[in-house]
Amino acid sequence: MAKAKTDDTAADGTAVDGTADAAQPDGSTLGYEQARDELIEVVRSLEAGGTTLEESLALWERGEELAKVCRRWLDGARARLDAALAEEEAAE
């Protein structure tokens, strides 16, 4: 599902805070929760076994991509919090 452009996103898809939107290989964007939930399912599938080596490798690769998506969202959130805290301290 594609993420709608908001005031927090530039025309090129880059977030105003400098972080890039996390994207699936097909070019659509994922929110943090969607990426996290899909990552959980990938891990469950890998832990359950019963897949071929090729399927397992594809799942692992997808899991790596989803983990990167989650990390970018978390890093962006941390940067926004740090900036808000710094702004608050400067105002005091």
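What you are looking at is a predicted structure, and each value in this text was computed from that prediction instead of being measured. Counting from 1, the numbers follow the sequence of the chain as shown.
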If every non-hydrogen atom of V69 is compared with every non-hydrogen atom of A35, which pair is closest and at what distance?
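In terms of heavy atoms, the two residues are closest at CG1-CB, 3.5 Å.
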Heavy atoms only: give me the nearest T29-Q34 pair and the separation to one decimal.
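Minimum heavy-atom contact is O-OE1, 4.4 Å.
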With L74, which residues qualify under side-chain contact (heavy atoms from CB on, under 4.5 Å), at least two apart?
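Here the qualifying residues are Y32, R71.
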Using the test side-chain contact (heavy atoms from CB on, under 4.5 Å), find all partners of T51 that sit at least two apart in sequence or belong to another chain.
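T51 satisfies side-chain contact (heavy atoms from CB on, under 4.5 Å) with E55, S56, L59 only.
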Are E65 and R62 close enough for a salt bridge, meaning some N to O gap below 4.0 Å?
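No salt bridge links E65 with R62.
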Only counting residues at least two apart or in another chain, list the ones meeting side-chain hydrogen bond (donor to acceptor under 3.5 Å, both in side chains) with E61.
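E61: no side-chain hydrogen bond (donor to acceptor under 3.5 Å, both in side chains) contacts found.
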Table please: side-chain donor-acceptor pairs of residues 81-92 below 3.5 Å, with sequence neighbours left out.
residue	atom	partner	partner atom	Å
D82	OD1	R78	NH1	3.3

So, W73 side chain and L30 main chain: donor-acceptor pair closer than 3.5 Å or not?
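At least one qualifying donor-acceptor pair exists.
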Cluster companions of L53 among Ile, Leu, Val, Met, Phe, Trp, Tyr (side-chain spacing under 4.5 Å):
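Members other than L53 - counting any ILVMFWY side chain reachable under 4.5 Å - are L57.
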